[in-house]
Amino acid sequence: MAQRVGDVMTRAPATVEPLTSVTVVARAVEGVREHAVRRTPVVDDGRHAVGIVSPADPAVERDPGSALGAVSAARPDQ
C-alpha cells in the first residue's frame, strides 16, 4: 500500500498568524533551524491555513540585498 501524507506529515506544527511581525518570524526561523523546519504554516483565528512562510520570506524584508533575499524576491520565471 502506498504511503499517505498523514503517515509522514508533522503533527501539531508550530504556526504563526498573519499579523505576526516579520522580525518575530525571522527569530523563530533562526531558532528552529536545528530542527530542519523549512516552512511554517500561517493560520487565521479559526486555525485555518491561509499561507506558508519560509526562511526566505523574512530575508526579502530584512536583507533584500543578500543572496537569499535577492533570489527570493525575483519573479518566479527568473
Side-chain angles (χ1 to χ4, degrees):
M1 182 157 117
Q3 201 171 27
R4 297 179 182 176
V5 172
D7 298 331
V8 298
M9 70 182 197
T10 299
R11 304 220 181 268
T15 62
V16 295
E17 295 178 350
L19 297 179
T20 305
S21 78
V22 170
T23 302
V24 169
V25 171
R27 271 191 248 130
V29 165
E30 291 294 324
V32 297
R33 277 196 180 147
E34 66 193 55
H35 300 291
V37 173
R38 291 179 182 84
R39 306 287 183 271
T40 302
V42 180
V43 298
D44 63 16
D45 291 339
R47 306 284 299 156
H48 298 103
V50 296
I52 297 285
V53 67
S54 74
D57 297 326
V60 171
E61 180 71 25
R62 296 177 77 201
D63 192 7
S66 71
L68 181 57
V71 168
S72 300
R75 290 190 345 228
D77 64 339
Q78 300 296 310

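FYI, the numbering just counts along the sequence from 1.
Environment of CG in D7: crowded, with over 12 heavy atoms of neighbouring residues, nucleotides or ligands closer than 6.0 Å.
Across all non-hydrogen atoms, the minimal contact from P41 to A14 is CD-O, 3.4 Å. Contact record, V42 with E17: CG1-C, 3.9 Å, taken as the closest heavy-atom pair. Residues D44 and P18 come closest through the heavy atom pair CA-CD, 4.5 Å.
By the rule that hydrophobic residues join a cluster once side-chain heavy atoms approach within less than 4.5 Å of another member, V53 and V50 end up as members of one cluster.
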